Amino acid sequence: DENAMGVAYTNLPFNDVMIGSINDPEKHVAWRHPRKFDSMQEIIQNCESITDGFKISGDISELDYGGDARYHNPCTELVYGFLGGDWLGTTTTVAGCAAPRAHHTGGVVGAFLDPPSGDRHRPGQTKECISDFGLGAGYHKLQTTDDKYAINAHWWGKSNDVTHNWKTHALFVR
């Protein structure tokens, strides 16, 4: 097993997570989990979907990207965590896990609809928004270059055609 995460992600207990631009520290989204985890590696190795995080700073729409801002607005019902997804399905594996909720983007670390939807027109859900966002995310069946594992998102109504243009970001835990 190769660990691309580094020592901090294998040995550091945490409950706060932040995704931030490496070019502009103001461009970030951060969240907190109510419980402390032993390490990020443990979460990923256990293939445990965790969606109890709540945003404490920043926003997905404020991250660093090179696309049209109309397609970077997050849905209001997002929760934050690990190995989530916006739709019930298993067409995308995430970090070697057949994550039970990973259908559209299903990232290792990110934000997801909760509960996930099997119905595109779920009552009360605005469909023109980012419903799934993540680092280490691949889109649907990973069929094109834009679908490969990276920072990726699913914007209801446009797939990931307008949301695969994220610039370089870093992941922080504490």
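It should be emphasised that the depicted structure is a prediction, and the values quoted were computed from it without experimental measurement.
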| message | Can you tell whether the side chains of Lys36 and Glu42 come within less than 4.0 Å, N to carboxylate O? | response |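 Salt bridge: no.
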| query | Is the backbone of Glu48 close enough, under 3.5 Å, to the side chain of Asn46 for a donor and an acceptor to pair up by distance? | reply |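 No; judged by distance alone, with no hydrogens or angles, the pair does not exist.
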For the [atom1] atom of [X] and the [atom2] atom of [Y], what is their distance to the nearest 0.5 Å?
{"X": "Asp38", "Y": "Thr10", "atom1": "CG", "atom2": "OG1", "value": "12.0 Å"}
{"X": "Ile19", "Y": "Leu135", "atom1": "CD1", "atom2": "CG", "value": "4.5 Å"}
{"X": "Leu83", "Y": "Cys47", "atom1": "CG", "atom2": "SG", "value": "6.5 Å"}
{"X": "Leu12", "Y": "Ser39", "atom1": "CG", "atom2": "OG", "value": "9.0 Å"}
{"X": "Asp24", "Y": "Asp64", "atom1": "CG", "atom2": "CG", "value": "6.5 Å"}
{"X": "Phe37", "Y": "Ile50", "atom1": "CZ", "atom2": "CD1", "value": "4.0 Å"}

For [X] and [Y], does a side-chain donor sit closer than 3.5 Å to a side-chain acceptor?
{"X": "Asp52", "Y": "His33", "value": "yes"}
{"X": "His28", "Y": "Ser57", "value": "yes"}
{"X": "Ser61", "Y": "Asp59", "value": "yes"}

| side-chain contact (heavy atoms from CB on, under 4.5 Å) evaluation trace for Val29 with Glu62 | CA-CA 8 Å; Val29 61; Glu62 298 167 1; over 6 Å; no
| request: Report yes if the side chains of Arg35 and Asn15 come closer than 4.5 Å at any heavy-atom pair, otherwise no. | output: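 They are not in side-chain contact.
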| request: Check whether any side-chain heavy atom of Gln45 sits under 4.5 Å from a side-chain heavy atom of Met40, and report yes or no. | output: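 Gln45 does not reach Met40 side chain to side chain.
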| Just one of Trp166, Tyr65, Phe112, Tyr80 clears the ring-ring contact (aromatic ring centres under 6.0 Å, His included) bar with Phe133, so which one? | Trp166
| Derivation of the side-chain contact (heavy atoms from CB on, under 4.5 Å) call for His169 and Ile22 | CA-CA 5 Å; His169 289 71; Ile22 63 166; 5.7 Å; no
| Is the centre of the Phe54 ring less than 6.0 Å from the centre of the Trp31 ring? |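 No.
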| task | Search all heavy atoms of His72 against all heavy atoms of Ile130 and return the closest pair with its distance. | result | CA-CD1, 3.6 Å
| said: Set out, in order, the CA-CA distance, both residues' side-chain angles and the distance that settles side-chain contact (heavy atoms from CB on, under 4.5 Å) for Val109 and Leu171, then state yes or no. | reply: CA-CA 9 Å; Val109 180; Leu171 176 66; 3.9 Å; yes
| Ile60, Met18: one ILVMFWY side-chain cluster at the under-4.5 Å cut-off? | no
